[in-house]
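Here's a structure for you.
The chains referred to below are lettered A, B, ... by the order of the sequence lines, with proteins before strands, and numbering in each begins at 1.
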Amino acid sequence: MSNKLVLIDGNSIIYRAFFALPLLNNDKGVYTNAVYGFTTMLLRILEEEQPTHILVAFDAGKTTFRHETYKEYKGGRQKTPPELSEQFPLLKEVLDAFSIPHYQLEQYEADDIIGTLSTVEKEDDWNVTVISGDKDLLQLTSDQVTVSLTKKGISEVERYTPAFMKEKMDIAPDQIIDLKALMGDKSDNIPGVPGVGEKTAVKLLKQFGTLEGIYDHIEEVSGKKLKEKLTTYKDEAFLSKDLVTIKRDSPITVEPKELAYGGYDPNQLSGMFKELGFQSLLDRIGGDTTAEGTSEPMKEIDVTILREVTDDIFTGKEALVAEMLGENYHTGTIEGFGISNEKGNYFIPAEVALQSAAFQEWAEQYDNKKMVFDAKKTLVVLLNHGIHIKGIDFDMLLASYLLNPSENNHDIPAISNRLGKTDVLYDEEVYGKGAKQKVPEEQVLAEHIIRKTAALYALEEQMEEKLKANEQLELYKELEMPLALILGEMEHLGVLVDISNLEEMGNGLKQRLQDLEKEIHELAGEPFNLNSPKQLGPILFEKLNLPVIKKTKTGYSTAADVLEQLENEHEIIPKLLLYRQLGKLQSTYIEGLLKVVDPHTNKIHTRFNQALTQTGRLSSMEPNLQNIPIRLEEGRKIRQAFVPAKKGWIMFAADYSQIELRVLAHMANDDKLIRAFQEDLDIHTQTAMDVFHVDKEGVTDSMRRQAKAVNFGIVYGISDYGLSQSLGITRKEAKKFIDRYFESYPGVKSYMDEIIQEAKHQGYVTTLMKRRRYLPDITSRNFNKRSFAERTAMNTPIQGSAADIIKKAMIDLYGRLEEENLNARMLLQVHDELILEAPKEELEKLMEIVPEVMEHTVELHIPLKVDYAYGDSWFDAK
DNA sequence: TTACCCACGC
DNA sequence: GACGTACGTGGGTAAG
């Protein structure tokens with residue numbers, strides 16, 4: 001049994017907590033926010049890390065030994081706010097109640113205490129985790145020492161291992177010192193070398209290794225200016241290095257073995273919590289704290305490389321990775337397969353597996369359960385090799401996404417790291433990146449892949465437990481997982497494109513663009529790059545003296561809404577607008593689409609990202625088929641090029657009418673809104689009637705337009721500012737509209753108020769199907785952050801529930817098409833719309849079942865309504 | 001390569 | 001009143 005030592009940088013964490021949380025005080029008027037934040041974090045650390053030994057280190061007093069060498073050290077720092085200072089003694093009391101030792105040392109900082117204690121790593125049996133918000137501590141990272149840094153406030157930490165640092169910052173732990181020496185650090189008043197920032201510093205360190213290395217080879221430094229600066233500020237650089245180096249031999253009077261931790265006494269703690277008014281924490285200490293599993297770093301891993309697949313390696317429950325370099329799995333090739341199960345870890349070279357009947361047989365058996373990362377990708381790559389995988393019942397990607405969609409790194413090593421399993425390498429570490437990317441020798445490749453499958457195998461249970469605790473198991477198993485396979489089939493099938501149609505359009509556009517360019521250059525009096533706002537700006541606003549409406553960070557804004565306001569000022573403007581419009585069509589939609597058509601089949605295979613958006617919507621890329629033009633006729637014609645795959649087939653498009661507003665009516669349970677939908681009224685007209693207090697006949701076009709914008713705002717969670725922009729009115733007026741809207745729909749108003757309260761209370765909001773979005777900023781003292789979080793709280797349940805609904809509809813429709821033995825099939829999803837292709841003979845049936853399935857996939861307080869259309873191309877399905 | 005501007009969809 | 005304002009993907013330019 002090895003020892004697990006947790007070292008907490010007390011000052012750093014309490015500062016973080018203080019600034020991350022609003023200024024709470026208890027009933028006696030004592031400020032407690034920082035202590036509260038610290039305590040919640042502490043509870044989590046105890047759960048997650050299960051330390052056998054623990055210490056919280058604090059800075060002592062104002063001066064340190066560092067001031068002797070540099071008296072300006074930490075100069076210019078703002079004084080600690082008194083609201084925070086008064087919490088230090090409280091925190092120490094809380095630590096005592098936890099029976100957690102804390103320590104400080106005259107003339108030394110918490111860093112040095114931690115640095116010194118972390119050297120126990122050298123005695124083999126210790127594992128150390130350092131917890132801080134200060135990047136300087138990263139220099140302590142090693143094989144035995146993990147440094148967890150707080151991210152965004154204190155609600156999240158990021159665990160740095162040497163490998164993770166390499167991946168994220170591209171430097172080794174001890175180079176942090178050199179990095180800081182070069183960059184300096186404003187907050188500690190460390191000078192560094194002026195003009196050298198992170199980018200330059202990393203570049204130098206990659207070349208020369210250390211600060212000393214740089215100065216030993218100063219002549220080899222590229223760039224005259226840079227060399228000069230380095231030479232001039234050499235002393236400062238070395239002084240800085242000295243200052244940022246954490247002491248590993250401070251004269252501390254504690255020893256690691258004295259820090260043994262046997263847990264806390266809930267009774268003692270609850271007294272303390274009651275006194276402080278930490279109501280919500282009382283529950284947490286009552287229950288058991290041994291729940292979360294942690295895993296020891298696995299140093300070595302056994303891999304069996306198979307030259308032949310025999311069915312005796314399979315057990316019926318294995319983790320599978322079909323490894324592929326690059327993003328696009330429609331065109332990529334498999335490098336090899338990894339399989340982990342109870343018996344061991346196997347690497348199968350791609351050609352061995354793909355020619356093996358035993359492998360195919362195993363893959364296609366539904367009863368053989370597979371744990372994978374990205375079921376959709378796995379399905380598609382295997383389909384491309386003629387294997388139809390079945391029996392996938394764990395998808396780490398989807399599980400991770402559902403647990404926290406705002407986490408933007410969902411690859412196996414990142415997820416594993418977060419769950420305490422730190423022995424999976426990042427792809428970049430193994431393959432390199434960019435032009436230098438390459439496949440390593442087989443043994444290395446095999447081990448890398450096997451570490452992934454081993455992680456899948458090891459973490460399935462833990463992740464599913466978490467989903468279960470969130471009540472998201474159904475969302476995961478019954479919605480996202482089945483959908484992944486359907487999306488995979490849709491992507492794999494692809495959409496047929498009429499290439500010559502696109503090319504003809506392109507040729508026409510090319511001519512028109514050339515003509516326009518010439519005309520615009522003549523009107524401008526000089527040639528310039530029309531696609532460069534930077535060049536266009538001065539022409540419009542200096543040479544032609546047009547009034548400046550808006551500026552951007554780097555110059556004049558030439559965005560469409562600006563140009564539209566100048567439309568009558570100069571004849572160049574309408575031509576520019578047209579040029580922009582056509583240019584977009586040409587570059588993005590004609591050329592862009594032609595670039596991604598499969599030349600053998602003339603089909604386009606998009607990729608839907610099912611684990612990306614914060615709301616639960618899908619996204620689509622390479623190409624994005626969710627933003628094909630429709631608003632303007634000219635652009636809409638692009639859709640003529642999307643045609644059915646077979647002769648005698650048609651395109652069939654069905655879309656939900658006002659799904660978000662209907663969802664809102666349901667969730668808010670607003671009488672008026674519900675009635676409007678039950679009677680199937682034109683919702684924007686109805687809103688106009690309610691907001692402007694007129695009858696139907698009294699609604700003018702302008703009123704309806706404004707009402708529509710307000711509805712739009714409600715659905716997308718825009719601010720009064722956003723609404724003012726879209727309506728071209730002042731913010732005040734926009735706010736008035738929103739207020740009037742809420743007056744008219746009191747149910748909506750109270751729903752919105754409640755949802756914000758709920759978000760504040762539990763830290764997240766949920767959708768109909770229990771999808772979550774965490775909103776840590778909801779309690780921010782920063783008005784903007786908080787406002788944004790509040791709008792998000794209001795908007796996400798609406799948009800996210802709509803996303804849930806159409807996802808479920810896709811699953812239902814897929815099943816129904818199969819049941820009815822139809823050849824019709826889904827091709828695309830565009831948020832509230834499904835596009836299918838089908839034989840003409842099935843048209844009648846589709847007109848019956850598609851709306852039926854979509855409208856009744858869930859039953860709400862209001863009816864869902866689906867419109868549909870069909871034709872010989874996507875364009876004609878309108 | 002990266003940052004910025006712009007524009008398309010929902 | 002602050003401050004920067006729905007979410008995505010992708011094309012282009014310009015600067016490093």
Side-chain angles (χ1 to χ4, degrees), chain A residues 197 199-200 203 222-223 226 405-406 408 433-435 528-537 550-563 576-577 579-593 595-596 606-609 612-632 634-636 638-639 655-656 658-660 709 712-726 731-732 734 773 780-796 798-800 802-803 806 828-833:
Chain A
K199 290 264 145 62
T200 314
K203 203 185 79 199
S222 58
L226 180 58
S406 71
N408 49 21
K433 71 168 178 180
F528 67 100
N529 187 339
L530 282 174
N531 289 316
S532 164
K534 207 188 150 172
Q535 293 182 36
L536 177 61
K550 200 164 66 176
K551 291 198 131 199
T552 67
K553 251 182 266 180
T554 49
Y556 306 103
S557 169
T558 65
D561 61 322
V562 170
L563 298 188
L576 272 170
L577 282 166
Y579 180 88
R580 283 253 176 94
Q581 187 199 331
L582 301 184
K584 175 79 177 173
L585 288 181
Q586 177 76 320
S587 64
T588 306
Y589 295 107
I590 304 282
E591 290 168 3
L593 286 174
K595 246 185 275 179
V596 293
T606 185
R607 269 146 47 226
F608 290 106
N609 197 333
L612 185 136
T613 69
Q614 303 302 300
T615 55
R617 277 187 174 185
L618 302 175
S619 78
S620 154
M621 55 186 278
E622 272 186 85
N624 181 352
L625 293 185
Q626 291 181 321
N627 72 344
I628 303 300
I630 188 165
R631 248 183 56 241
L632 302 173
E634 191 101 38
R636 190 173 198 158
I638 298 282
R639 296 177 176 228
D655 70 294
Y656 280 109
Q658 302 296 350
I659 187 165
E660 279 99 350
F712 180 85
I714 298 287
V715 166
Y716 287 115
I718 62 174
S719 57
D720 49 5
Y721 175 86
L723 182 62
S724 74
Q725 289 297 296
S726 69
R731 229 178 78 178
K732 244 189 177 153
R773 181 170 186 181
S780 169
R781 287 202 308 295
N782 177 316
F783 174 85
N784 276 320
K785 286 186 175 174
R786 190 175 64 247
S787 303
F788 184 53
E790 286 174 357
R791 295 205 302 277
T792 309
M794 299 188 268
N795 162 249
T796 297
I798 302 173
Q799 222 192 94
I806 192 164
L828 299 172
Q829 187 249 48
V830 190
H831 307 309
D832 63 356
E833 177 183 15

Exercise for review: Give one of base, sugar-phosphate or nothing for A/Arg731, where a contact means two heavy atoms less than 4.0 Å apart.
Suggested key: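 Base: the residue A/Arg731, judged by heavy atoms under 4.0 Å, touches a nucleobase.
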Review point. Base, sugar-phosphate, or nothing for A/Arg617, non-hydrogen atoms under 4.0 angstrom?
Key: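 Touches a base.
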Point to revise | B/dC4: pairing nucleotide in any strand, Watson-Crick or G-U under 3.5 angstrom | key: C/dG12
Point to revise | Phosphate contact (B/dC6 OP1 or OP2) by A/Thr558 side-chain N/O below 4.0 Å | key: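 So the side chain of A/Thr558 is within the cut-off, an N or O lying under 4.0 Å from OP1 or OP2 of B/dC6.
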Check your understanding: Between A/Thr554 and B/dC5, is there a side-chain N or O to OP1/OP2 distance below 4.0 Å?
Key ->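 It does, given that an N or O in the side chain of A/Thr554 lies less than 4.0 Å from OP1 or OP2 of B/dC5.
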**Study point:** Sugar-phosphate only, base, or nothing, as touched by A/Ser787 at under 4.0 Å among non-hydrogen atoms
**Key:**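 A/Ser787: no heavy atom of the nucleic acid under 4.0 Å.
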Exercise for review: For the pair A/Arg617 (side chain) and A/His831 (backbone), establish whether a donor and an acceptor sit closer than 3.5 Å, ignoring hydrogens and angles.
Suggested key: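 The answer is no, because no donor-acceptor pair under 3.5 Å joins these two groups.
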Check your understanding: Which nucleotide in the set C/dG4, B/dC4, B/dA7 lies at the smallest distance from any side-chain heavy atom of A/Lys553?
Key -> B/dC4
Exercise for review: Just call it for A/Asn784: base, sugar-phosphate, or nothing, with non-hydrogen atoms closer than 4.0 Å on any strand.
Suggested key: base
Review point. Do any side-chain nitrogens or oxygens of A/Asn529 fall under 4.0 Å of OP1 or OP2 in C/dT13?
Key: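 For C/dT13, OP1 or OP2 has a side-chain N or O of A/Asn529 closer than 4.0 Å.
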Review point. Taking OP1 and OP2 of B/dC5, is either one under 4.0 Å from a side-chain nitrogen or oxygen of A/Thr552?
Key: yes
Review point. Of the nucleotides B/dA7, C/dA14, C/dA6, which one has an atom closest to the side chain of A/Ser532?
Key: C/dA14
Point to revise | Distance between P atoms of C/dA6 and B/dC5 (Å, rounded) | key: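 C/dA6 and B/dC5 have their P atoms separated by 16 Å.
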Review point. Should A/Phe712 and A/Ser726 count as side-chain neighbours, where that means a heavy-atom distance under 4.5 Å?
Key: no
Exercise for review: Among C/dA6, B/dG9, C/dT9, find the nucleotide with the atom closest to the side chain of A/Ser619.
Suggested key: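 Nearest nucleotide to the side chain: C/dT9.
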Check your understanding: Should A/Thr615 be listed as having a side-chain N or O under 4.0 Å from OP1 or OP2 of C/dC7?
Key -> no
**Study point:** Proximal nucleotide (of B/dC6, B/dC8, C/dG12) relative to the A/Arg580 side chain
**Key:** B/dC6
Review point. Within the distance-only criterion (no hydrogens, no angle test), does the side chain of A/Gln626 pair as donor or acceptor with the backbone N or O of A/Gln829 below 3.5 angstrom?
Key: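 Indeed, once roles are kept as given, a pair shorter than 3.5 Å links the two residues.
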Review point. What does A/Leu585 touch in the nucleic acid at a heavy-atom separation under 4.0 angstrom: a base, only the sugar-phosphate, or nothing?
Key: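 No contact at all - A/Leu585 keeps every heavy atom at 4.0 Å or more from the nucleic acid.
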**Study point:** Closest nucleotide among B/dC8, C/dC3, C/dC7 to the A/Phe783 side chain
**Key:** C/dC3
**Study point:** Closest listed nucleotide, where the reference is the side chain of A/Ser557 and the choices are B/dC6, C/dT5, C/dT13
**Key:** B/dC6
Check your understanding: 5'-most contact on DNA chain C: A/Gln799 or A/Asn782, nearest heavy atom basis?
Key ->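 Nearest nucleotide further toward 5': that of A/Asn782.
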Point to revise | Nucleotide B/dC4, atom C1' - distance to NZ of A/Lys551 in whole Å | key: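 A/Lys551 atom NZ is separated from B/dC4 atom C1' by 16 Å.
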Practice item. From the options C/dG11, C/dA6, C/dG8, select the nucleotide whose nearest atom is closest to the side chain of A/Lys595. Key: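 Shortest atom-to-atom distance from the side chain points to C/dG11.
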Practice item. Select base, sugar-phosphate, or nothing to describe what A/Glu660 touches, counting heavy atoms under 4.0 Å on all strands. Key: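 Here A/Glu660 touches no strand at all.
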Review point. How long is the line joining CD1 of A/Ile806 and P of B/dG9, in whole Å?
Key: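 Rounded to the whole Å, the gap is 18 Å.
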Point to revise | Minimum-distance nucleotide to A/Ser587 side chain [options: C/dT13, C/dG8, C/dG11] | key: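 That would be C/dG11.
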Review point. From the list C/dA6, B/dC8, B/dC6, which nucleotide is the closest neighbour of the side chain of A/Lys584?
Key: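 Within the option list, the nearest is B/dC8.
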Exercise for review: Examine C/dA14: is either OP1 or OP2 under 4.0 Å from a nitrogen or oxygen in the side chain of A/Gln535? Give yes or no.
Suggested key: yes
Check your understanding: Can you tell me if the side-chain N/O atoms of A/Lys534 get under 4.0 Å from OP1 or OP2 in C/dA15?
Key -> yes
